[in-house]
**Q** 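Have a look at the structure that comes next, please.
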Amino acid sequence: MERLLVLNGPNLNRLGKREPDIYGSETITDVVKRVETIASPFHVEVRNFQSNHEGELIDQLHSLDDSFIGVVFNPGAYTHTSIALRDAISSISIPVIEVHISNVHQRETFRHTSLLAPVCLGQVVGLGVRGYELAARALLEEKQKG
Ligand code: DQA
């Protein structure tokens, strides 16, 4: 069976509780349900992984086998700092779409730069948790195109 990974980085385990004015009230479980609804007509199974640790996110990316059609990745603050995560994305051939719930470009300048965007298939920014659904749809449609 084909699979899609929803990958979340640091502090996103607190989604729903964390700064709800910025990130909303839905939890990762809610987000995964949204993505499952998008993926199910494509007969693609959704896997979910969150870690606050850079190395665990890297290990997770390295561990993906050919059954994975893509990764919907919110790297949290590592977006702006992690050359190691960028290299991990470059090292695999599975497409990754970067997602940010908030519009990082309306926020502090240190959030305006992504070290990961150049090695991702695309980016979805500022559309709330809907961004995970939009990214998943793009990966599923890319896969269907073949
Ligand atoms: C975020 C934006 C990042 O700048 C921040 O560090 C996060 C969440 C977002 O989803 O908007 O943790 O990735």
Side-chain angles (χ1 to χ4, degrees), residues 2-42 44-65 67-143:
E2 292 184 320
R3 298 180 173 85
L4 187 145
L5 177 66
V6 176
L7 184 60
N8 279 290
N11 300 304
L12 289 157
N13 53 312
R14 297 196 45 78
L15 201 57
K17 297 192 201 100
R18 167 194 188 198
E19 300 176 90
D21 45 318
I22 299 177
Y23 299 113
S25 56
E26 288 188 41
T27 64
I28 288 193
T29 309
D30 298 326
V31 167
V32 170
K33 280 199 197 118
R34 279 176 178 257
V35 174
E36 277 170 348
T37 304
I38 303 282
S40 109
F42 292 84
V44 169
E45 181 187 290
V46 178
R47 291 286 173 91
N48 169 36
F49 185 81
Q50 187 277 331
S51 177
N52 295 324
H53 304 278
E54 191 175 21
E56 283 186 3
L57 295 164
I58 293 168
D59 287 343
Q60 186 64 210
L61 288 166
H62 289 174
S63 74
L64 302 177
D65 62 29
S67 68
F68 284 85
I69 63 145
V71 182
V72 175
F73 188 17
N74 185 343
Y78 286 142
T79 307
H80 320 298
T81 62
S82 180
I83 298 168
L85 268 172
R86 177 190 173 126
D87 288 349
I89 295 168
S90 290
S91 81
I92 62 171
S93 51
I94 299 163
V96 176
I97 298 187
E98 181 182 321
V99 171
H100 299 290
I101 298 165
S102 65
N103 185 343
V104 285
H105 302 291
Q106 288 173 347
R107 301 180 64 194
E108 303 93 330
T109 46
F110 61 81
R111 296 188 204 275
H112 297 182
T113 306
S114 168
L115 297 184
L116 311 186
V119 295
C120 289
L121 177 65
Q123 235 186 354
V124 185
V125 174
L127 301 179
V129 291
R130 245 183 329 166
Y132 291 88
E133 293 174 284
L134 297 169
R137 179 167 291 285
L139 289 167
L140 291 159
E141 288 177 359
E142 279 298 309
K143 174 66 190 169

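This is a predicted model, so every value here is computed, not measured. Just so you know, ligand 1 is whichever comes first in the structure, and atom 1 is the first atom listed for that ligand. Just so you know, these numbers use all the heavy atoms, side chains as well, and skip hydrogens, waters and symmetry mates.
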**Q** Could you check whether any side-chain heavy atom of I69 comes within less than 4.5 Å of a side-chain heavy atom of L140, counting everything from C-beta outward?
**A**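 Sidechains of L140 and I69: in contact.
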**Q** Tell me the protein heavy atom at minimum distance from atom 11 (O) of ligand 1, and give that distance in Å.
**A**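 Heavy-atom neighbour on the protein nearest atom 11 (O) of ligand 1: S102 OG, 2.6 Å.
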**Q** Could you check which of T79, V104, N103, V125 puts a non-hydrogen atom nearest to atom 2 (C) of ligand 1?
**A**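 The residue whose heavy atom sits nearest atom 2 (C) of ligand 1 is V104.
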**Q** May I ask you to test the N48-V31 pair for a side-chain heavy-atom distance under 4.5 Å?
**A**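 Heavy-atom side-chain distance check fails, nothing below 4.5 Å.
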**Q** Under 3.5 Å, is there a donor-acceptor pair linking the side chains of Y132 and D30?
**A**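 There is no such pair between these side chains.
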**Q** Which atoms from ligand 1 have a heavy atom of I101 less than 4.0 Å away?
**A**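 Near I101, meaning under 4.0 Å from one of its heavy atoms, ligand 1 has 9 (C), 10 (O), 11 (O).
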**Q** Heavy atoms, side chains only, cut-off 4.5 Å: are H100 and R111 in contact?
**A**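 Counting from C-beta outward, H100 and R111 never come under 4.5 Å.
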**Q** Which one holds for N74 and ligand 1: side chain close, backbone close, both close, or neither close, with close meaning a heavy atom under 4.0 Å?
**A**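 The answer is the side chain of N74.
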**Q** N/O of A77 under 3.5 Å from N/O of ligand 1, yes or no?
**A**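 Yes, since at least one N or O of A77 sits under 3.5 Å from an N or O of ligand 1.
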**Q** Test: side chain to side chain donor-acceptor pair (under 3.5 Å). Region: residues 76-92. Which pairs qualify, not counting sequence neighbours?
**A**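 Applying side chain to side chain donor-acceptor pair (under 3.5 Å) to every pair that reaches into residues 76-92, excluding sequence neighbours, yields E54-S82.
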**Q** Have a look at R18, R14, R111, H100 and point out the one with the heavy atom closest to atom 12 (O) of ligand 1.
**A**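 Answer by nearest heavy atom: R18.
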**Q** Give a yes/no verdict on whether any heavy atom in Y23 is under 4.0 Å from an atom of ligand 1.
**A**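 The answer is yes, since Y23 has a heavy atom less than 4.0 Å from ligand 1.
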**Q** Might you confirm whether atom CZ of R130 has over 12 heavy atoms from other residues, nucleotides or ligands at distances under 6.0 Å?
**A**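 Counting other residues, nucleotides and ligands, CZ of R130 stays at 12 neighbours or fewer.
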**Q** What are the atoms of ligand 1, with element, lying closer than 4.0 Å to any heavy atom of H80?
**A**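 Listed by number with element, the hits are 3 (C), 4 (O).
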**Q** Can you confirm, on distance only, whether ligand 1 has an N/O atom lying under 3.5 Å from any N/O atom belonging to R107?
**A**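 Such a contact does not occur with ligand 1.
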**Q** Kindly determine whether F68 and R47 satisfy side-chain contact (heavy atoms from CB on, under 4.5 Å), including the steps that lead there.
**A** CA-CA 9 Å; F68 284 85; R47 291 286 173 91; 4.0 Å; yes
